[in-house]
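This structure is a prediction, so every number in the text was calculated from the model and none was measured.
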Amino acid sequence: MKRYRHYNKNTAIILSCFGSVIEEQKYLEFQNYIKEEFPEIDVYLSFSSRMVIKLLAKKKKKFYKNLPQLMADVDMAGYKRYIVASINIFPTDEHEVLIRVVNGFQNFSLANIRYTNTLLSKTKESSKYLKSLDETLRQGKQEIINLYIVHGVPVLHLGGIEAVSYTSQFLKRINPHNISCSLEGEFPFYAIKEAIKREILEIIAKDSNITVQIVPMLLISGNHYDKDMQEIKDEISEYCTVKIADAFDASNKFNLLGQDEVKEIFKRNITIELKKQGQ
């Protein structure tokens with residue numbers, strides 16, 4: 001087939017991320033990490049948030065592309081195969097859009113295209129990670145209530161929402177001092193904060209030395225950390241001692257992408273798909 005002669009480059013990796021104006025550097029650092037782990041492969045970075053892309057262009061003169069644009073560039077460049085890495089926590093709406101984009105390109109591109117799982121997709125791997133995360137955050141201390149706050153999914157009919165529910169239930173099963181809510185999805189803080197207050201006060205009634213530790217289940221610390229997490233902290237501090245979990249990296253803000261274990265999981269997901277391509 002004459003068209004295939006134009007596919008003369010080997011392999012590429014596209015990191016499909018939501019994006020951030022405040023924490024753009026976090027994604028660039030992660031891109032560098034993947035480049036170091038796969039030195040023979042070209043690594044590209046895409047953002048799915050059009051608002052972020054527009055603001056970065058306007059405010060910082062930094063120009064990014066969304067996934068369809070970048071996949072078109074990679075296809076035109078002539079890569080024979082490439083991996084679209086889903087840099088998301090849960091396989092919900094952002095991941096579903098990624099799958100549709102990849103499936104669309106597979107209808108006409110001659111390249112071998114595969115996409116990865118999200119951070120929390122499979123039960124075994126997710127269970128191991130969540131247990132490890134909770135133990136790391138507690139550091140052997142039992143006098144801590146971990147309040148895990150996910151971003152949340154705006155609709156209830158997506159299949160990936162099961163991963164969000166499993167995360168909440170699993171964390172509660174491994175430690176009754178774990179509480180979960182979202183910012184704007186199922187069980188949002190604004191709607192269940194009184195129930196959360198009752199649960200916290202019931203625990204404190206048995207042990208007054210307990211501290212509530214807010215755990216932002218966010219890949220990077222952007223506006224939600226600066227605004228929403230601080231507001232939640234202020235509300236909870238009215239009736240108990242509360243803090244936001246310490247950062248994993250040199251940043252002063254907690255973010256999952258700063259944890260070595262998270263970066264390793266994303267790297268492993270990419271490795272799995274590369275092997276399926278025969279590499």
Side-chain angles (χ1 to χ4, degrees), residues 15-30 45-56 58-60 62 64 66 86-98 118-120 130 133-134 137 145-156 158 160-161 163-165 167-168 171 178-193 196 212-238 242-259 262-263 266:
L15 305 176
S16 181
C17 312
F18 182 78
S20 173
V21 177
I22 297 175
E23 299 289 348
E24 173 204 11
Q25 186 60 31
K26 281 282 189 297
Y27 287 117
L28 294 175
E29 291 170 1
F30 179 67
L45 179 66
S46 72
F47 288 160
S48 62
S49 170
R50 295 192 180 192
M51 181 184 71
V52 168
I53 291 173
K54 290 178 180 178
L55 286 175
L56 283 171
K58 181 179 179 180
K59 293 183 175 182
K60 297 186 178 182
K62 301 284 189 70
Y64 291 89
N66 62 21
S86 183
I87 310 305
N88 299 288
I89 299 177
F90 301 107
T92 49
D93 47 344
E94 293 295 333
H95 185 68
E96 289 297 318
V97 170
L98 179 153
T118 60
L119 178 68
L120 302 178
L130 291 170
L133 175 64
D134 195 63
L137 290 169
I145 298 172
N146 277 335
L147 175 58
Y148 290 91
I149 305 178
V150 303
H151 179 273
V153 183
V155 293
L156 294 173
L158 291 177
I161 201 169
V164 182
S165 298
T167 296
S168 176
L171 289 169
N178 285 335
I179 303 173
S180 302
C181 68
S182 73
L183 293 177
E184 53 188 59
E186 61 174 0
F187 303 112
F189 179 81
Y190 69 84
I192 65 168
K193 58 185 177 181
I196 290 175
V212 173
Q213 180 170 239
I214 294 176
V215 184
M217 292 288 279
L218 305 171
L219 275 182
I220 57 94
S221 302
N223 281 327
H224 287 304
Y225 183 97
D226 293 336
K227 183 176 183 294
D228 299 307
M229 298 302 167
Q230 298 300 327
E231 290 178 356
I232 291 173
K233 178 186 175 184
D234 290 343
E235 285 204 43
I236 295 177
S237 65
E238 294 179 3
V242 60
K243 59 167 286 190
I244 298 179
D246 296 330
F248 286 117
D249 54 14
S251 167
N252 61 351
K253 300 177 182 179
F254 181 93
N255 65 94
L256 292 182
L257 204 55
Q259 187 183 22
V262 168
K263 290 186 284 190
F266 282 130

Problem - Validation row: Ile236, Leu147 side chains within 4.5 angstrom (heavy atoms) - result: yes

Completion exercise
CD1 (Ile179) and CD (Gln213) are apart, to the nearest 0.5 Å, by 12.5 Å

Exercise for the section: List the steps, then state whether side-chain contact (heavy atoms from CB on, under 4.5 Å) holds for Met217 with His151. Expected result: CA-CA 7 Å; Met217 292 288 279; His151 179 273; over 6 Å; no

Handout entry: Closest heavy-atom pair and its distance - Val21, Lys60
Key = O-NZ, 2.9 Å

Problem - Heavy atoms from other residues, nucleotides or ligands near NZ of Lys58 exceed 12 (cutoff 6.0 Å) - result: no

Practice task
Give the minimum heavy-atom separation between Lys243 and Lys233, together with the two atoms involved.
Solution key: CA-CE, 4.5 Å

Problem - Approximate separation, where rounding is to 0.5 Å, of Phe187 CZ and Ser180 OG - result: 10.5 Å

Completion exercise
Correct closest heavy-atom pair for Tyr27 and Phe18 would be OH-N, 4.1 Å

Problem - The single option from Leu183, Leu218, Val215 passing side-chain contact (heavy atoms from CB on, under 4.5 Å) against Ile149 - result: Leu183

Fill in the blank from the handout: Closest non-hydrogen atoms of Glu96 and Pro91, given as atom of the first, atom of the second and distance, are OE2-O, 4.0 Å

Practice task
Give, for atom CD of Gln230 and atom CD1 of Ile244, the distance between the pair rounded to the nearest 0.5 Å.
Solution key: 4.0 Å

Exercise for the section: Please report the shortest heavy-atom distance between Ser20 and Val52, naming the atom on each side. Expected result: N-CG1, 3.4 Å

Problem - Leu56 vs Phe47 side-chain heavy atoms within contact, under 4.5 Å - result: yes

Fill in the blank from the handout: Between the CG atom in Asp93 and the NE2 atom in His95, the distance rounded to the nearest 0.5 Å is 11.0 Å

Practice task
Check the pair Leu120 / Leu130 against side-chain contact (heavy atoms from CB on, under 4.5 Å), numbers first and verdict last.
Solution key: CA-CA 9 Å; Leu120 302 178; Leu130 291 170; 4.1 Å; yes

Exercise for the section: Evaluate whether atom NZ of Lys54 has more than 12 neighbouring non-hydrogen atoms of other residues, nucleotides or ligands under 6.0 angstrom away. Expected result: no

Exercise for the section: Tell me, with the steps shown, if Ser16 and Ser86 meet side-chain contact (heavy atoms from CB on, under 4.5 Å). Expected result: CA-CA 5 Å; Ser16 181; Ser86 183; 5.8 Å; no

Practice task
Answer whether the closest heavy-atom distance between the side chains of Phe90 and Val150 falls below 4.5 Å.
Solution key: yes

Problem - Cys181 and Ile196: CA distance, side-chain angles, deciding distance, side-chain contact (heavy atoms from CB on, under 4.5 Å) verdict - result: CA-CA 9 Å; Cys181 68; Ile196 290 175; 3.9 Å; yes

Practice task
Kindly assign one of parallel, tilted or perpendicular to the pair Phe248 and Phe254, based on the angle between their ring planes and the thresholds 30° and 60°.
Solution key: tilted

Practice task
Side-chain contact test, heavy atoms from C-beta onward, threshold under 4.5 Å: evaluate it for Asn146 versus Leu171 and give yes or no.
Solution key: no

Exercise for the section: Answer yes or no: is there a side-chain heavy-atom contact under 4.5 Å between Pro216 and His224? Expected result: no

Exercise for the section: Go through the side-chain N and O atoms of Tyr225 and Glu23 and say whether any donor and acceptor fall under 3.5 Å apart. Expected result: no

Problem - Closest approach of Asn88 to Thr118 (non-hydrogen atoms, all atoms of both residues) - result: O-CB, 3.3 Å

Handout entry: pair Glu184-Asp228: side-chain heavy atoms closer than 4.5 Å
Key = no

Practice task
Supply the atom-to-atom distance Ile220 CD1 to Ile87 CD1, rounded to the nearest 0.5 angstrom.
Solution key: 13.0 Å

Exercise for the section: First locate atom CG of Asp246, then atom OG of Ser251, and finally report the distance between them rounded to the nearest 0.5 Å. Expected result: 11.0 Å

Practice task
Report yes if some heavy atom in the side chain of Glu29 is under 4.5 Å from a heavy atom in the side chain of Lys263; otherwise report no.
Solution key: no

Handout entry: Check: Gly222 main-chain N/O paired with Lys26 side-chain donor or acceptor under 3.5 Å
Key = no

